[in-house]
Amino acid sequence: MIAVCFGISFMKDTVVTFLEECSNCICVKYVSIDDDRKFFLHYLFHLIAVQNSCPEVTQWLLKDGFHRDLLSRIKLSTGNEGTGGCTVAIKIHLPKGLYVDPYELTSLNRHNITEALVMGDYVDLEVPEYLANETAVLVYTKPDPECNHCFRAILPLHCRYHQPAETDGKISAILKSPEILVHCQKRLLSTECLKETKTEEPCSRKNKQNCHWDSVKFQLVNQKLELQIPVLLDLNPAL
């Protein structure tokens, strides 16, 4: 959520000035009440209201080592409307240093834990990072019983082995910002939160037929997820 604070002054010929900006607040000085400045303030509050109405996405990395879990939660801001008629999916883009195990995903889907679909080429589980490709995974979320209007999903991630380094340490793998896809029986989100074009992706893991999804603008609560992957020491760097 965004908090707004502003002061009012009646001095003439003074412009509106931003006093402070931060991730959770915008403070402005409203210095006059002529029509132009009224429009400016009205537009500012409109932008803030629109931003607050767009979904919020929060992601966490759980566990340590080479095998991690990515927990994602999407909160839809639908006012008093329910979300029972909505399906929410999150498209996750993995760098070359990370992969998902399709066999593990099949087992998790069978036990109704995670429903995810690997997009594109076959995933080689044994190839090292420097020979791998980036991977996209479409994860179908489920309603979160602990949060109103929220959906969540958990995706097991695995780190690939990297080439040894001259100095012992760790290499970073950074997750890109995800894509949020929403398919609702009726429109619940503000039109300002919807991107211009719909996208076609499989309706579900079981039903591979394409559905029309709304690609949604959202607020990413935590800006960057970074994994530290252990790297072996190269004892013969000159060879």
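This is a predicted model, so every value here is computed, not measured.
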Trainee: Would the distance check show the side chain of Asp214 and the main-chain N or O of Lys195 forming a donor-acceptor pair, the cut-off being under 3.5 Å?
Mentor: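 Checked: no pair found.
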Trainee: What's the shortest heavy-atom distance between Val221 and Thr58, and which atoms?
Mentor: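 Closest approach of Val221 to Thr58, heavy atoms only: CG2-OG1, 3.3 Å.
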Trainee: State, with a plain yes or no, whether a side-chain heavy atom of Leu175 is found less than 4.5 Å away from one of Pro95.
Mentor: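 In short, these two side chains touch, coming nearer than 4.5 Å.
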Trainee: Under 3.5 Å, is there a donor-acceptor pair linking the side chains of Arg205 and Thr106?
Mentor: yes
Trainee: Could you give all pairs that pass the ring pair (Phe, Tyr, Trp, His ring centres under 6.0 Å) test and reach residues 53-74, with sequence neighbours left out?
Mentor: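 Only Phe66-Tyr161, His67-His158 qualify under ring pair (Phe, Tyr, Trp, His ring centres under 6.0 Å).
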Trainee: Of all residues at least two apart in sequence or in a different chain, which pass the disulfide bond (SG atoms under 2.5 Å apart) check with Cys159?
Mentor: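 Cys159: no disulfide bond (SG atoms under 2.5 Å apart) contacts found.
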Trainee: Run the side chain to side chain donor-acceptor pair (under 3.5 Å) check on Lys142 and Asn112 step by step: do they pass?
Mentor: CA-CA 10 Å; Lys142 302 178 185 297; Asn112 200 31; 3.1 Å; yes
Trainee: Under 4.5 Å between side-chain heavy atoms, counting indirect links through other Ile/Leu/Val/Met/Phe/Trp/Tyr residues: same cluster for Tyr140 and Ile154 or not?
Mentor: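 Shared cluster, no.
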Trainee: Give a yes or no on this: more than 12 heavy atoms of other residues, nucleotides or ligands lie within 6.0 Å of atom CD of Glu126.
Mentor: no
Trainee: Establish, from distance only, whether the side-chain atoms of Glu179 and Ser215 form a donor-acceptor pair under 3.5 Å.
Mentor: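 No donor-acceptor contact under 3.5 Å links the two side chains.
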Trainee: Using the salt bridge (charged side-chain N to carboxylate O under 4.0 Å, His left out) rule, take Glu56 and Arg73 through it: C-alpha gap first, then chi angles, then the decisive distance, then the call.
Mentor: CA-CA 8 Å; Glu56 289 185 354; Arg73 186 178 71 186; over 6 Å; no
Trainee: Step through the shown structure and confirm whether more than 12 heavy atoms of other residues, nucleotides or ligands are within 6.0 Å of NZ on Lys208.
Mentor: yes
Trainee: Has the side chain of His183 got a donor or acceptor atom that lies under 3.5 Å from a matching backbone atom of His212?
Mentor: yes
Trainee: Of the options Leu108, Leu105, Ile90, Asp69, which is the one that meets Leu155 in a side-chain contact (heavy atoms from CB on, under 4.5 Å)?
Mentor: Leu105
Trainee: Given Glu201 and Lys91, is the salt bridge (charged side-chain N to carboxylate O under 4.0 Å, His left out) satisfied, shown in steps?
Mentor: CA-CA 10 Å; Glu201 297 290 1; Lys91 195 171 187 178; 2.9 Å; yes
Trainee: Which atoms form the tightest heavy-atom contact between Val182 and Val216, and what is the distance?
Mentor: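 Scanning both residues, the minimum pair turns out to be CG2-CG2, 3.6 Å.
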Trainee: For Asp101 and Tyr103, indicate whether the former's side chain and the latter's backbone hold a donor-acceptor pair under 3.5 Å.
Mentor: yes
Trainee: Could you see if Ile174 belongs to whatever hydrophobic cluster contains Leu227? Use Ile, Leu, Val, Met, Phe, Trp, Tyr and a side-chain cutoff under 4.5 Å.
Mentor: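 Shared cluster, no.
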Trainee: With a 3.5 Å distance limit and no angle check, can you tell me whether Arg160 reaches the backbone of Val127 through a side-chain donor-acceptor pair?
Mentor: yes
Trainee: Report whether Val139 and Leu157 are members of the same hydrophobic cluster (ILVMFWY, side-chain heavy atoms less than 4.5 Å apart, transitive linking).
Mentor: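 Yes, because Val139 and Leu157 connect within a single hydrophobic cluster, where side-chain heavy atoms sit under 4.5 Å apart.
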